[in-house]
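Working notes, structure below.
All chains are named by letter (A, B, ...) in the order of the sequence lines, taking the proteins before the strands, and each is independently numbered beginning at 1.
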2 protein chains.
Amino acid sequence: MTESRPASPGTLRPGGRTAKVRGAVLDATRDALAETGFHALNMDRIAASAGVGKTTVYRRWGSPVGLVTDLLHDMAEQSLPAADTGALAGDLRANAELVRDTLTHPRMGAVFHAVIAAAACDEECARALAGFYRTRLAEWAPVVARGAERGEIPAGTDPVELLRAVSAPLYYRFAVTHEELTGDVAGRAAEAALAAARAGVFVRE
Amino acid sequence: MTESRPASPGTLRPGGRTAKVRGAVLDATRDALAETGFHALNMDRIAASAGVGKTTVYRRWGSPVGLVTDLLHDMAEQSLPAADTGALAGDLRANAELVRDTLTHPRMGAVFHAVIAAAACDEECARALAGFYRTRLAEWAPVVARGAERGEIPAGTDPVELLRAVSAPLYYRFAVTHEELTGDVAGRAAEAALAAARAGVFVRE
């Protein structure tokens, strides 16, 4: 399974049986989300494909919502470190390309469609998805701080607002208009956000 | 019903019985989407609340997907004309505020959550939603052309790319991160898109 999904996070976990069980169940949850989506998520089938007892899955995760929220916590923990190319333009482009590569990855794109759908119809999933993005944004915030220190953008630029501006055009196409993330959509998203930041649009009042 | 939803489009339709039937069925579809979402859409209940025979609804719309796609066609037809404040900054702000007002309107916000969810799980709904946005963007494209003629942005700026950039941060919060569209999020979306346009980010290659 690990070999079959090199790009998907959380496929290698050290540590004891509990960690191994969680890893197997979350991998199975990711597979199920990618293949059938949130509405078809089935605790018994996930237990079976994870090779874990049903009672363990019901006791530890309780419901499909519990599985999705734990998967999102795990994805946040596993997320990659921020870039440091020495220039804000390069770091923002790397961030945009990471988002685009995740959303266009066949399995991870399907997982994100599923978790966004889950968040749309369940408050707990929505909170977990928001938490996932908070973690991602916090990891990348230093990129913006370094850019401000280098004088590439105005002091007082809100890192989260700027990083949201990089992600927004990609997610808008992915989740709302269902346009393909083709051409240089990632590069344009990064350039547009940087131009707005340079103009002072994201400076905290 | 009309009085109860002043801000929702398509509640006043002139013309004959066919138009009246369509109006009643689409109003009932909008109500059902806002109240229970796409997955609970029920043809019989919609026929009943529209005061239209089930056979008519099944014959003309065929399925819940048929109802949602026709509602989206109707919403596109009913959409408001573009602003013309005399300056691109004002026109883009008006566009951003229109998007924000629609997404934060109790009933229309719920309808948009439902049609976005429908688009996420049905290809035909996705095409209809994309068509709705194409129509909206085409209506607002002259705003960008006028701004370029006035020299406010570079010649060759892609109107659709610029207008997408205005909507994206609002829809990203609405449909993905589920953050409230509070404060001056609309104003910032318009300013950020304009700054990027001024920097030439949306000039067609």
Side-chain angles (χ1 to χ4, degrees), chain A residues 37-40 103 112-123 125-134 136-137 158 160-162 164-179 183-185 187-203 205, chain B residues 37-40 103 112-123 125-134 136-137 158 160-162 164-179 183-185 187-203 205:
Chain A
F38 174 66
H39 291 287
L103 298 181
F112 271 88
H113 271 306
V115 294
I116 289 165
C121 58
D122 182 88
E123 235 340 287
C125 289
R127 278 193 299 275
L129 185 59
F132 167 80
Y133 290 115
R134 257 197 315 281
R136 281 285 173 98
L137 291 168
D158 184 328
V160 170
E161 277 297 303
L162 171 48
R164 273 201 195 100
V166 174
S167 289
L170 302 168
Y171 273 97
Y172 175 60
R173 285 170 168 81
F174 179 76
V176 179
T177 63
H178 297 274
E179 295 158 283
D184 197 19
V185 64
R188 222 166 24 247
E191 284 170 35
L194 180 56
R198 283 191 181 129
V201 175
F202 305 126
V203 172
E205 271 76 44
Chain B
F38 173 66
H39 291 286
L103 298 181
F112 271 87
H113 271 307
V115 295
I116 289 165
C121 58
D122 182 89
E123 235 339 288
C125 290
R127 278 194 299 275
L129 186 59
F132 168 80
Y133 290 115
R134 256 198 314 282
R136 281 284 174 100
L137 292 168
D158 183 328
V160 171
E161 277 297 303
L162 171 49
R164 273 201 197 100
V166 175
S167 289
L170 302 169
Y171 274 97
Y172 175 60
R173 285 170 168 79
F174 178 75
V176 178
T177 64
H178 297 273
E179 295 158 282
D184 196 22
V185 64
R188 229 173 11 254
E191 284 170 34
L194 181 57
R198 283 190 181 129
V201 175
F202 305 126
V203 173
E205 271 77 42

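- Both the backbone and the side chain of A:A175 come within contact range of chain B, judged by heavy atoms closer than 4.5 Å.
- The interface of residues 194-201 of chain A with chain B, defined by heavy-atom distances below 4.5 Å, comprises A:A195, A:A196, A:A199, A:V201.
- Counting only heavy atoms from C-beta outward, the side chains of B:Y171 and A:T177 never approach each other to under 4.5 Å.
- For the set A:V176, A:L129, A:D184, the count of heavy-atom pairs under 4.5 angstrom toward chain B peaks at A:V176.
- With values rounded to the nearest 0.5 angstrom, A:R127 atom CZ is found 12.0 Å from B:H178 atom NE2.
- Contact annotation for A:R173: only side-chain heavy atoms (C-beta onward) come within less than 4.5 Å of a heavy atom of chain B.
- A:Y172 and B:Y133 have perpendicular rings, their planes meeting at more than 60° on a 0 to 90° scale where under 30° would count as parallel.
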Contacts under 3.5 angstrom, residues 112-119 of chain B side chains, donor-acceptor by atom type, not counting sequence neighbours:
none

